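Take a look at the structure set out below.
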Amino acid sequence: MENLFNNIAEAVLDGDINETQRLTEEAVEKDATAKEILNQGLLKGMNEVGVLFKQGELFVPEVLVSAKAMDTGMQVIKPLIKEGDIKKSGKCLFATVKGDLHDIGKKLVSMMLEGAGYEVIDLGVDTSPEKIVEAVKEHQPDILGMSAMLTTTMANMNDTIKALEENGLADKVKIMVGGAPVSPNYAENIGANYSSDAHSAVELANKLMV
Ligand code: B1M
């Protein structure tokens, strides 16, 4: 099985969408768990993409194709994550903040929350504070989750919280933030709750819902 996981990682790194899908399906058929496929295959490949991107050995178009391959694999394991006894735990509204186009981490967090029984409404990427305010009014979620992957877009989380305050909505919704540049300190400073990954995001959501 280890070879198969390595091949999945390789397929993501190569941006080979069909191969990522085929190998992920093979791993599911062989009863690998969603966690194994993610950690030892899909995420391993994506992490390597991140390293090569940083070193300037991969460029945006290549990273985009790898992201698409990763997403295709995630769709294959989605039913596994959603298996189990699902009871409705609460409603979450998720968005990647304004100026930021990264959505893989947010999708993963959304998927895990859905697996834990939450209803998730995903507003997508590059979401302005105004759009989030409107969506909070419309959907009245229990939790608002914001994701940022760039140090330059993190501040838009704070702007969104301020916009919620101006509209009298800040105390009507629990706010969660996350993403690589976001720290527990930063979250605390802007009055939000922090979790570092998809697994702890579910734990945090459960805590916030009590
Ligand atoms: Co971008 N990018 N990127 N990129 N990209 C990073 C983030 C970067 C670290 C790469 C690097 O330099 N090493 C760097 C940011 C540096 C910084 O600001 N500190 C960077 C840069 C610079 C850029 C551009 C500016 C590059 C350019 O154009 N010159 C540009 C910006 C575009 C924009 O957003 N306006 C850009 C573009 C892109 C692509 C579009 C090509 C593509 C995104 C495609 C997509 O998402 N659909 C992309 C990608 C894929 C990456 C890397 C390689 C991978 C990100 C990823 O998906 N990781 C990334 C390098 C890296 O992270 N190693 C990089 C896998 C994912 C599962 O993890 O997103 O961390 P992650 O999510 C985790 C946690 O963070 C957490 O849980 C998730 C699951 O465990 N989490 C939450 C996330 N959100 C959460 C919310 C929560 C709770 C937890 O509650 C609400």
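The analysis underlying the following values was restricted to heavy atoms, covering all of them including side chains, and did not include hydrogens, waters or symmetry mates. None of these values were measured; they are calculated from a predicted model.
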For this session: Check whether Tyr194 and Met149 end up in the same hydrophobic cluster, where Ile, Leu, Val, Met, Phe, Trp and Tyr are linked by side-chain heavy atoms less than 4.5 Å apart.
Result: no
Exercise. Does anything in residues 201-210 pair up under side-chain hydrogen bond (donor to acceptor under 3.5 Å, both in side chains), and if so which pairs, sequence neighbours excluded?
Worked result: Tyr118-Asn206, His199-Glu203
For this session: Applying side chain to side chain contact (heavy atoms under 4.5 Å, CB included), run through Phe94 and Val109 and close with a yes or a no.
Result: CA-CA 9 Å; Phe94 263 54; Val109 174; 3.4 Å; yes
Exercise. Hey, any chance Leu144 and Ile121 share a hydrophobic cluster, counting ILVMFWY side chains that come within less than 4.5 Å of each other, even indirectly?
Worked result: yes
Problem set entry | Stepwise side chain to side chain contact (heavy atoms under 4.5 Å, CB included) check, Asn193 with Val177 | CA-CA 6 Å; Asn193 300 278; Val177 293; over 6 Å; no
For this session: Look up atom NZ in Lys98 and atom CE in Met146, then write down how far apart they are to the nearest 0.5 Å.
Result: 14.0 Å
For this session: Test Asn18 against Asp16 for side chain to side chain contact (heavy atoms under 4.5 Å, CB included), laying out the working first.
Result: CA-CA 6 Å; Asn18 291 338; Asp16 191 334; 4.2 Å; yes
Exercise. Roughly how far, to the nearest 0.5 Å, is CD of Glu119 from CD of Glu114?
Worked result: 9.0 Å
For this session: Flag yes if Ile143 and Val136 sit in one hydrophobic cluster, no otherwise; membership is Ile, Leu, Val, Met, Phe, Trp, Tyr, and two members link when side-chain heavy atoms are under 4.5 Å apart.
Result: no
Seminar exercise, completed: Separation between CE (Met70) and CG (Leu13), nearest 0.5 Å, reads 13.0 Å
Exercise. Between Thr20 and Ala69, what is the shortest heavy-atom contact and its length?
Worked result: CG2-O, 3.3 Å
Problem set entry | Closest contact, heavy atoms only, Gly15 versus Val65 | O-CG1, 3.2 Å
Exercise. What are the two closest non-hydrogen atoms of His139 and Lys91, and how far apart are they?
Worked result: O-NZ, 2.7 Å
For this session: Indicate if Leu80 and Ile104 have the same hydrophobic cluster label, given that clusters are the connected sets of ILVMFWY residues with side-chain heavy-atom separations under 4.5 angstrom.
Result: yes
Exercise. Do any pairs count as a side-chain hydrogen bond (donor to acceptor under 3.5 Å, both in side chains) and have a residue in residues 60-74, sequence neighbours left out, and if so which ones?
Worked result: Asp71-Lys107
Problem set entry | By side chain to side chain donor-acceptor pair (under 3.5 Å) - contacts of Gln21 (at least two apart) | Glu25
For this session: Find out if a path of hydrophobic residues (ILVMFWY) with successive side-chain heavy-atom gaps under 4.5 Å connects Leu38 to Val28.
Result: yes
Exercise. Which residue pairs pass the side-chain hydrogen bond (donor to acceptor under 3.5 Å, both in side chains) test with at least one member in residues 143-170, sequence neighbours excluded?
Worked result: Asp100-Thr153
Problem set entry | Beyond-backbone contact of Leu23 with Leu4, side-chain heavy atoms, under 4.5 angstrom | yes
Exercise. With sequence neighbours excluded, what pairs up with Asp122 under the salt bridge (charged side-chain N to carboxylate O under 4.0 Å, His left out) test?
Worked result: Lys106
Exercise. Does the side chain to side chain contact (heavy atoms under 4.5 Å, CB included) test come out yes or no for Leu108 and Asp197, once each step is laid out?
Worked result: CA-CA 9 Å; Leu108 196 53; Asp197 56 34; over 6 Å; no
Exercise. If you look at every heavy atom in Ala34 and Ile77, which pair is closest and at what distance?
Worked result: O-CD1, 4.0 Å
Exercise. Which atoms form the tightest heavy-atom contact between Ala148 and Val182, and what is the distance?
Worked result: O-CG2, 4.1 Å
For this session: Measure across Ala205 and Leu113 and return the closest heavy-atom pair with its distance rounded to 0.1 Å.
Result: CB-CD2, 3.6 Å
For this session: Provide the full list of side-chain hydrogen bond (donor to acceptor under 3.5 Å, both in side chains) pairs with a residue in residues 168-187, sequence neighbours left out, each pair given once.
Result: none
For this session: May I ask you to decide if Asp103's main-chain N or O and Thr96's side chain share a donor-acceptor pair within less than 3.5 Å?
Result: no
Problem set entry | Partners meeting side-chain contact (heavy atoms from CB on, under 4.5 Å) with Glu130 (sequence neighbours left out) | Ser128
For this session: Report the hydrophobic cluster partners of Phe59, with the cluster defined as I, L, V, M, F, W, Y residues connected by side-chain heavy atoms closer than 4.5 angstrom, directly or transitively.
Result: none
Problem set entry | From Ile175 atom CD1 to Ile190 atom CD1, the distance as rounded to the nearest 0.5 Å | 8.0 Å
Exercise. In the hydrophobic cluster built from side-chain contacts under 4.5 Å, what are the other members alongside Leu101?
Worked result: Val125
Seminar exercise, completed: The side-chain contact (heavy atoms from CB on, under 4.5 Å) partners of Ser195 (sequence neighbours excluded) come to Met176, Ser200, Ala201, Leu204
For this session: Not counting sequence neighbours, list each pair that qualifies as a salt bridge (charged side-chain N to carboxylate O under 4.0 Å, His left out) and has a residue in residues 131-156.
Result: Glu134-Lys137
Donor-acceptor contacts under 3.5 Å from residues 41-55 side chains, at least two apart:
residue, atom, partner, partner atom, Å
Lys44, NZ, Asn6, OD1, 2.6
Asn47, ND2, Leu43, O, 3.3

